[in-house]
Amino acid sequence: MTDLALIPAPRTVEHPADGPRHLTLDARTTIDAGPGTGSTARWLRTVLGAATGLPLTDGAGPGSVRLRISPDVARADGPEGYRLTTGGPEAAVVIEGGGPAGVFWGAQTLRQLLGPEAYRGAPVGGGARELPCVTVEDRPRFGWRGLMLDVSRHFTPKDGVLRYLDLLAAHKLNVFHFHLTDDQGWRIEIKRHPRLTEVGSWRARSKWGHRASPLWDDTPHGGFYTQDDIREIVAYAAERHITVVPEIDIPGHSQAAIAAYPELGNTDVVDTASLTVWDTWGVNPNVLAPTEAVLRFYEGVFEEVLDLFPAATSPFVHVGGDECPKDQWKASPAAQDRIRELGLADENELQSWFIRHFDRWLTARGRRLIGWDEILEGGLAEGAAVSSWRGYGGGIAAANAGHDVVMCPEQHVYLDYRQAPGDEEPVPIAYVRTLEDVYRFEPVPPGLSPEAAAHILGTQANVWTEVMENRSRVDYQVFPRLAAFAEVAWSALPAPEARDYPAFEGRMTTHYRRLDALGVDYRPPAGPYARQQRPGIIGRPREGTPPNV
Ligand code: ACM
């Protein structure tokens, strides 16, 4: 399969026993789009049309790219499965998908077969393109194949988000977890609470490096997505068969919101009116006050969020729930009164009360709540799903209790973690997680019962951007590791130790050329270029192998 260099690796590839080895797409090539395949036809015409200069007009016949939904493929391989045949007698290319998404993933494979030049924005050679004659049969291992992007710590402007959606699609990833709010910035316009973005989306300066660094970047930082920007992002994702999971953090990670509306904080123990959007990194003590007014405020936020992220493409809504220090609630007479009034045992139950409230609220509106694995503490909300980030443990406990789980253990798939030992990695954070380490990540821990394992919806990689101040830094941390992650999430790989990493590396040789054509500023296999390094900026490397917990 090295010759085709498909990433993620498909289930099967067959070459014809006899007949031509190649066919040509040229100015006569048409697109023959059956019912339900319109988004893929549009995408092919836009993307392959731009890269090749071919008109790819509508039309059927032997020279066409035929797109069909196939009940047979749906039965055998599910809605995201596809069968791709090139060089057959009836059409130049036939893509049959189990559903619209399967057709789209088949089209992504077609693009890979056309060579790295198919990833350019305009043709660099002649018009006609050679294509190998093959049959590919394929389907994903997991239904949830995601990337979380933190746009709070450093803002990714809207065009950068659209670009990442294209990069996800190119790797057959289908969930974009959009981390929209945090202590350091609120990034989504909420009409009924305008100060969330007027005040909460800007900070005066930023810590330059890990929080232990003495350096500051005194350039004000910020930005936000208008509601139309969000609608555009959601529609752009839907065209690419990507669901978007918006994340609005409660009750911790809320300093930007409190800076905008001081009444959201624990006003009896802190002077919240003097808080600003946070300018450094770490776990922040300023958390939401457990009042009815705060619940109503956030119901208003979530009402607008549900409107912007429709149920069809955003069945899940993420409420954060991680890293909520309880010190202010312990010190606050108002919070203590609340604990007594509600008949709760302690501050952990207060945290659960927050989460349960929004679990019921979202469920009543046809959505499902998902939160970081801390939402297990003090009792897991009914129907809630868990992003298992502190290791496998939270996910195992949740799955055993019948809750759905997305595996994203920090020890394996936190892409802010450094990619190599040594001094050259820019602002090195935590453990070394190489391309090979990510390739050998296994989302389903051993020993789960079949019933519990069925609750593992899939996996996602997380990108926290404290030390990624621009698009190049994000690209550097995400790539090439996202390619390995995509293969873990999509392909039928054997157990970690049996995975053929050298073969994957071989395919990466071609994949780097695809990333080059796309303008991705990945970490080169031989290590960072000088311009990618950040000498003198303090990180926080941890030594040794991360515990496999
Ligand atoms: C997290 O990394 N705090 C979810």
Side-chain angles (χ1 to χ4, degrees), residues 144 146-154 175-187 207 210-211 245-257 278 280-288 316-326 348 351-352 354-355 358 369-378 380-381 384-398 403-418 427 429-431 433 438 441 443 457-468 474 477-478 481 485 539-540 542 546-547 549:
W144 185 301
L147 180 76
M148 187 218 74
L149 181 64
D150 166 14
V151 296
S152 171
R153 273 51 175 272
H154 281 100
V175 177
F176 178 60
H177 175 167
F178 204 5
H179 185 79
L180 285 163
T181 73
D182 216 306
D183 302 302
Q184 294 86 355
W186 183 285
R187 305 286 176 224
K207 177 59 70 178
H210 181 259
R211 64 176 171 273
V245 181
E247 181 181 352
I248 304 290
D249 279 22
I250 56 165
H253 287 286
S254 297
Q255 182 163 319
W278 209 22
T280 187
W281 322 121
V283 176
N284 186 302
N286 293 301
V287 305
L288 297 178
F316 285 93
V317 174
H318 207 293
V319 299
D322 61 322
E323 297 177 324
C324 178
K326 309 296 187 298
N348 283 338
Q351 150 110 1
S352 294
F354 255 111
I355 302 298
F358 284 99
L369 175 144
I370 184 165
W372 301 109
D373 57 64
E374 284 96 329
I375 69 170
L376 288 160
E377 286 164 15
L380 182 54
V386 164
S387 309
S388 189
W389 76 275
R390 291 180 295 180
Y392 290 106
I396 293 169
H403 294 280
D404 286 341
V405 173
V406 176
M407 278 295 180
C408 49
E410 58 161 334
Q411 299 84 353
H412 298 276
V413 286
Y414 267 33
L415 299 182
D416 46 329
Y417 284 22
R418 61 196 172 126
V427 203
I429 298 296
Y431 297 112
R433 296 282 84 197
V438 173
F441 164 58
L457 299 177
T459 181
Q460 66 180 42
N462 293 339
V463 185
W464 301 104
T465 57
E466 288 92 335
V467 300
M468 298 171 214
V474 174
Q477 293 301 129
V478 173
R481 292 183 294 184
F485 175 78
R540 189 169 182 251
R542 276 145 86 182
V549 289

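All ligand and atom numbering here is 1-based and tracks the order in the structure. All residue numbers refer to positions in the sequence shown, counting from 1. Atoms considered below: every heavy atom in the structure, side chains included; atoms not considered: hydrogens, waters and symmetry mates.
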Numbered atoms of ligand 1 (with element) below 4.0 Å of [X], judged on heavy atoms:
X: W464; value: 1 (C), 2 (O), 4 (C)
X: Y414; value: 1 (C), 2 (O), 4 (C)
X: E323; value: 3 (N)

Ranked by distance from atom 3 (N) of ligand 1, the top protein heavy atom is D322 OD2, 2.7 Å
Parallel under 30°, tilted from 30 to 60°, perpendicular over 60°: which one fits the rings of [X] and [Y]?
X: W281; Y: H154; value: tilted
X: Y417; Y: Y414; value: perpendicular
X: Y392; Y: F441; value: parallel

Check whether any side-chain N or O of R433 sits under 3.5 Å from a backbone N or O of Q411 as a donor-acceptor pair, and report yes or no. yes
State whether the shortest distance between N or O atoms of W372 and N or O atoms of ligand 1 falls below 3.5 angstrom. no
Check: H253 N/O within less than 3.5 Å of ligand 1 N/O: no
Please confirm whether the ring centroid of W389 lies under 6.0 Å from the ring centroid of H177. no
